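None of the values given here were measured: they were computed from a predicted structure.
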Amino acid sequence: MGVDKKRPVYSIGVASDLVGVKPYTLRYYEQMGLIGPFRTPGNTRLYSEYDVEVCQYIRYLIEDEGVNVAGVRIILTIKKV
């Protein structure tokens with residue numbers, strides 16, 4: 001039995017630490033439609049291991065490769081992330 005990588009377990013603070021960005025950056029990714037974390041009934045964002053990996057990839061594309069948000073959106077669509 002493996003670990004469910006899509007199970008939402010990380011708060012925004014923990015997820016941002018794992019990705020290496022500030023929490024507002026994860027909120028920005030969500031606002032731009034790049035990610036969609038799980039929301040609890042109280043509207044708290046929870047991130048899965050998969051969400052963290054996608055955010056790390058987004059960060060890499062933006063910071064290391066210089067891709068803009070529109071480009072990231074296209075890449076994520078092509079890769080079916």
Quick one: are [X] and [Y] in side-chain contact, heavy atoms under 4.5 Å?
X   : Y   : result
Y10 : V52 : yes
Y47 : V19 : no
C55 : L26 : yes
V67 : I62 : no
Y28 : L34 : no

Identify the two heavy atoms, one from [X] and one from [Y], that lie closest to each other, and give their separation to 0.1 Å.
X   : Y   : value
Y29 : R59 : OH-CA, 3.6 Å
Y57 : L76 : CD2-CD2, 4.0 Å
V81 : V54 : CG1-CG2, 3.2 Å
L18 : Q56 : O-NE2, 3.1 Å

Do side-chain atoms of [X] reach the backbone of [Y] as a donor and acceptor pair under 3.5 angstrom?
X   : Y   : result
T25 : V21 : no
T44 : T40 : no
D51 : S48 : yes
R7  : E49 : no

Nearest 0.5 Å, what's the CG-CD1 distance between L61 and I75?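 The CD1 atom of I75 is 4.5 Å from CG of L61, to the nearest 0.5 Å.
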
Just to verify, what does K22 make a salt bridge (Lys or Arg N to Asp or Glu O under 4.0 Å) with, not counting sequence neighbours?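 Testing K22 for salt bridge (Lys or Arg N to Asp or Glu O under 4.0 Å), a comparison that skips the adjacent residues, returns none.
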
Just checking, K5 and Y50: is the charged tip under 6.0 Å from the six-membered ring centre and within 45° of the axis?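 Here K5 fails the 6.0 Å and 45° test against Y50.
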
Step-by-step side chain to side chain contact (heavy atoms under 4.5 Å, CB included) determination, E30 to R45: CA-CA 10 Å; E30 183 180 6; R45 294 172 179 89; 2.5 Å; yes

Hydrophobic cluster membership, I74 vs V72, 4.5 Å side-chain cutoff: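 They do not share one cluster, since no chain of ILVMFWY contacts under 4.5 Å joins I74 to V72.
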
